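What you see is a predicted model; the values in this text were computed from it and never measured. Each chain gets a letter, A, B and so on, in the order the sequences are listed, and its residues count up from 1. Because only heavy atoms are used, hydrogens play no part in the values below, and waters and symmetry mates are left out as well, while side chains stay in.
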Amino acid sequence: MSKPAPFQPLGKFEWPSTTVNRGVDLALSQLLKSLRRSNKDAGIDPNLLSPAPRDLLDRICEPPAHFPLLAEMDATLSAWTADESASDRVQTIILPPCDREDLLGQWAKTHTLQTFGTDRKMAELDALDDPHATPLVIPKLERRFLRTRSGLHDIRQLLDRLSVMERRIIIGCNSWAWQFLRKSCEIDLIFDAPMTFQAFDKNRLRVWLGTLALDPADGANLCFRSASSGQDVFSNGEGEADVSEFISDLAKASIGVPWVAWHLWKDSLHVANAIEADEMSVEPIISEADPRETIWVTDIRPPSVPSRSDQNALLVLHALLIHGGLTGDQIVQTVPLVTYTHVLASLVRSGLIDKVDGLYRCRPAAYPVIRDGLNNSGYPVDVL
Amino acid sequence: MQSGPKTTSEKAANLLNDWQDISFIQIATILLLCFGTIWLLRKTIPFLAERVPSRLRLYLLRAVPILRMIIIISALLWIIPIIFNITVQNFLVIAGAASVAIGFAFKDYVSSLIAGIVAIFERPYGPGDWVEIEGDYGEVINLGMRAIRIRTATDDIITVPHDAIWSNNISNSNTGSQTLMCVADFYLDPHHDAAKVRRELVDVALTSAYLDFRKPVLVVLKETEFATRYSLKAYPFDLRDQFKFVSDLTDRGKGAIRDAGAKPVSMPHFASEDVAKL
């Protein structure tokens, strides 16, 4: 395993693809695939596949979706955390949205650092202001305000209090909320050295997913093959040039965000329906020389995003990205939905958002297309 | 009469080529191609412009008049030698005749055509811009050879000849950019805490879902005869949202003013019988 890559200053993120070249790439790759497709392909008809069963997924695609970043966060913050006399009093971690497992909160937990969660009241901060204590972790700043006038007053009060605290603090905020708070609260003037992780390009992704796919029960008895070409998605050697087409596409589609890649990867894993596969005589497509169990990896098919004409949907998606998640009532407060609308139901049905415990959130696998859609429609987007 | 091959001077004296030499089919084909291409461009480019990323929309729309001009000039350069016998002498004759015709009959029309060409280069307006000409405010939806068409906020289509640029002020709100300044005005009873109202109004703009983060937010106060006028100035991220943006600012601005303890003023209402008594 290579050494964990430390976080880097905000603005240095190397996007594996841009909105424009993602669109061009997708069109080109579909065209090439349809031209290349022939009877000699060792792929499989997608109609003969079913999503991988849950127990198998638990073995070969184990959460958390941000797993490799825990070590990278260690590499970034461990020395500072241990150094009580560090000159920087604040560390600011900016993460893309849809981090459902709370990377910073989890990291704080593993290091037994005190966290100031979204359920804690601001008045409790004074009692926690001990300059000699270990750093206080404040994850998910985006969940501490609403984009309303009163919401702005609340977050400004919190920022005022944090700016005068003597205790060392680690602040986590999502990249969309950070852009909003920069405009509305000049947050970058108080916390002036925000950091984010290095993009997960195709090489980093291949190493991580390759490790993840090693089934601890069966060792290396699984083979991950592309459903369209039949190629092993991990078997292309070690060099950069040898990363498979699927992993390369996945890096582009996930825009360098590991939890997005993890969800897209998980959604793409399928197994052949035994009976139907038998009836359709698909045995020849599995190499007789390879006795391993085959997991079929289907092409990435992200949901489509509404166009500018469906502005209610875009406004809701933008608000959800800024806040990380909102209840129906909070959406009404932050989004100017002046007409009677069923936009939330429509967004859930389209697979762009989901609703868990009353909270609407963007689905991680849909985040790249949502970002592209908002960017194309002129909405202010995040900077990493 | 002596007949035989014409000399060069005789040929030059002929303004038009021989009828037998003029290929009307060729001219018709060129015209058909020219107008067909223009028609296709006028249909496809605006169609594409609504589907590409919004930052490219105005670039695409602005390409229509430039491409049309190039096509028309190319067609003219192609057709003229087919019809006319072009020499310096003939050019002067044609120019003289054209000047007389234009001077008497088509002065305004040609003035508009020339202004249209000037407008392409000077760019006082372009497709997709929001302009005000002679009191009419709207989006330029078509930049033709002779005139522009503006769609107003009330969905009226107004045709303004290009020669309006010779004598009228053209107010362009965005001049080719994606956004424009929007202003929401509030008139308040002068007895209030102005600093508080100002802060609240800034927050109204900062929390609008339509706000362009890259642009500033400003509140301008002015004391008028009857009220204190607050102008909340901000930019939406897409100029097509300007009316929704102003409505959003006005709607939430009223709440902010109320919360800040200020009171809006309005023109007193007089019943018609009261007015009659006065």
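The structure places CG of Asp238(B) at 8.5 Å from OH of Tyr379(A), a figure rounded to the nearest 0.5 Å. Rounded to the nearest 0.5 Å, atoms CD (Glu200(B)) and NE2 (His153(A)) are 4.5 Å apart. Remark: Arg51(B) CZ to Ser309(A) OG distance equals 8.5 Å, nearest 0.5 Å. Rounding to the nearest 0.5 angstrom, the gap separating the OG1 atom in Thr207(B) from the NZ atom in Lys183(A) is 12.5 Å.
Around the CZ atom of Arg156(A), the shell of radius 6.0 Å holds more than 12 heavy atoms that belong to other residues, nucleotides or ligands. With a 6.0 Å radius and a threshold of 12 heavy atoms from other residues, nucleotides or ligands, Asp156(B) has its CG atom above the threshold. For Glu223(B), the CD atom is densely surrounded, since the number of other residues' heavy atoms within 6.0 Å is greater than 12. Other residues, nucleotides and ligands contribute more than 12 heavy atoms inside 6.0 Å of the CZ atom of Arg100(A). More than 12 heavy-atom neighbours from other residues, nucleotides or ligands sit within 6.0 angstrom of CD on Glu50(B). Shown here is Arg120(A), whose CZ atom has more than 12 heavy atoms of other residues, nucleotides or ligands within 6.0 Å. Within a 6.0 Å radius of CZ in Arg149(B), no more than 12 heavy atoms belonging to other residues, nucleotides or ligands are found. More than 12 heavy-atom neighbours from other residues, nucleotides or ligands sit within 6.0 angstrom of CZ on Phe243(B).
For Arg182(A), no part sits under 4.5 Å from any heavy atom of chain B, backbone or side chain. In this structure, chain A has heavy atoms under 4.5 Å from both the backbone and the side chain of Arg240(B). Of the atoms belonging to Ala256(B), heavy atoms from both backbone and side chain fall under 4.5 Å from chain A. Contact of Ser307(A) with chain B is not made at all, since no heavy-atom distance falls under 4.5 Å.
Shortest non-hydrogen contact noted between Leu315(A) and Tyr210(B) is CD1-OH, 3.8 Å. Contact between Ala209(B) and Thr334(A) at its shortest, heavy atoms only, is CB-O, 4.4 Å. Of all the heavy atoms in Phe237(B) and Gly378(A), the pair that sits closest is CB-O, 3.3 Å. For the residue pair Leu211(B) and Pro380(A), the shortest heavy atom distance occurs at O-CG, 3.6 Å.
Heavy-atom pairs under 4.5 Å with chain A were tallied for Leu206(B), Asp259(B), Asp212(B); the largest tally goes to Leu206(B).
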Report task. Using the side-chain contact (heavy atoms from CB on, under 4.5 Å) rule, take Asp241(B) and Arg308(A) through it: C-alpha gap first, then chi angles, then the decisive distance, then the call. Result -> CA-CA 11 Å; Asp241(B) 294 327; Arg308(A) 194 187 179 282; 2.7 Å; yes
